[in-house]
Amino acid sequence: MTQDELKQAVAQAAADYVSEHAPAGSIIGVGTGSTANFFIDALAGIKSKYRGAVASSEATRKRLEGHGIAVFDLNDVDQIPVYVDGADEIDNALNMIKGGGGALTREKIVAAVSDTFVCIADGSKLVETMGNFPLPVEVIPMSSAYVARELAKLGGTPVIRAGFVTDNGNLILDVKGLRITDPKGLEAQINQITGVVTNGLFALRPANVLLLGTADGVRTIG
Ligand code: 5RP
């Protein structure tokens, strides 16, 4: 199977999960990226059962609306039973690195409000220890040089993502070379650097369920 076929398979499995676990009339949280895009397409097939969705990025909002799915402002939504999103890396404890698409802050906010985080990923994303994928850190533009120096003190090599501005008007530093042996501790430590909006470690609020696409079918972990 190609990587896209694996992504499509987990996206369909996530739509089945939503059908089974999210009450009719509820609002679904929707992530960002190529795997999330396949999920949006699958969600379109069951859209009549739900009031609509909360989007974790402008790109996702546009795709949802293109399918005729109502998109709600998160401030108007009290509860999201299920949030479905991809990951750049995920470990066996369901800690993740996210933000390859630059939507990490809104993704983390929607995840915080959601009861259940369902991560959808092809098998290549499951790792023993995270850190091969450069850790994205969203920063207020005027702080980028300072934050980069502080991240270097932690052992990382930060590089500003060229030509990229987040939906929130900020910059992304992609940090190579971090040893992520304590994901929760590192997530908290980086978030304490003044100027950091958030970082792409999702360990303080990890996924609850991983739907992993493999050549043998979709594995459910968690
Ligand atoms: C976007 C993300 C994505 O979930 C992550 O980058 C995975 O993307 P893809 O499904 O395209 O591999 O965090 O900010």
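One-based numbering, in listed order, for ligands and for the atoms of each.
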Identity and separation of the nearest protein heavy atom to [atom]:
atom: atom 6 (O) of ligand 1; value: Asp88 OD1, 2.6 Å
atom: atom 12 (O) of ligand 1; value: Lys125 NZ, 2.7 Å
atom: atom 1 (C) of ligand 1; value: Glu107 OE2, 3.1 Å
atom: atom 9 (P) of ligand 1; value: Ser34 OG, 3.3 Å
atom: atom 10 (O) of ligand 1; value: Thr35 OG1, 2.5 Å
atom: atom 3 (C) of ligand 1; value: Thr32 O, 3.2 Å

Answer yes if Met96 and Leu201 sit in the same cluster of Ile, Leu, Val, Met, Phe, Trp and Tyr residues linked by side chain heavy atoms under 4.5 Å apart, and no otherwise.
no
If hydrophobic clusters are built by linking Ile, Leu, Val, Met, Phe, Trp and Tyr wherever their side-chain heavy atoms come under 4.5 Å apart, do Leu211 and Ile80 end up in the same one?
no
Quick look: Ser57 vs ligand 1, heavy-atom contacts under 4.0 Å, and the answer is neither
What verdict does the side chain to side chain donor-acceptor pair (under 3.5 Å) test give for Asn199 and Glu187, after you've listed the backbone C-alpha separation in whole Å, the side-chain angles of each residue and the deciding distance to 0.1 Å?
CA-CA 7 Å; Asn199 72 82; Glu187 179 179 354; 5.4 Å; no
Do Thr198 and Asn191 have side-chain heavy atoms sitting under 4.5 Å apart?
yes
Answer whether the closest heavy-atom distance between the side chains of Leu6 and Val10 falls below 4.5 Å.
no
Asn132 and Val127: side chain to side chain contact (heavy atoms under 4.5 Å, CB included), yes or no, with the steps?
CA-CA 9 Å; Asn132 266 347; Val127 298; over 6 Å; no
Considering the heavy atoms of [X], write down every atom of ligand 1 situated less than 4.0 Å from one of them.
X: Gly101; result: 1 (C), 6 (O), 14 (O)
X: Gly99; result: 2 (C), 13 (O), 14 (O)
X: Gly33; result: 11 (O)
X: Gly86; result: 4 (O)
X: Asp85; result: 4 (O)

Taking only non-hydrogen atoms of Gly102, do any sit less than 4.0 angstrom from ligand 1?
yes
Looking only at distance, does Ala103 have an N or O less than 3.5 Å from an N or O of ligand 1?
yes
Trace of the side chain to side chain donor-acceptor pair (under 3.5 Å) decision for Asp4 with Thr2:
CA-CA 5 Å; Asp4 270 359; Thr2 65; 5.8 Å; no
Taking the six-membered ring of Phe202 as reference, does the cationic atom of Lys98 (NZ for Lys, CZ for Arg) lie under 6.0 Å from its centre and within 45° of its axis?
yes
Evaluation steps, side chain to side chain contact (heavy atoms under 4.5 Å, CB included), between Thr166 and Thr105:
CA-CA 9 Å; Thr166 71; Thr105 299; over 6 Å; no
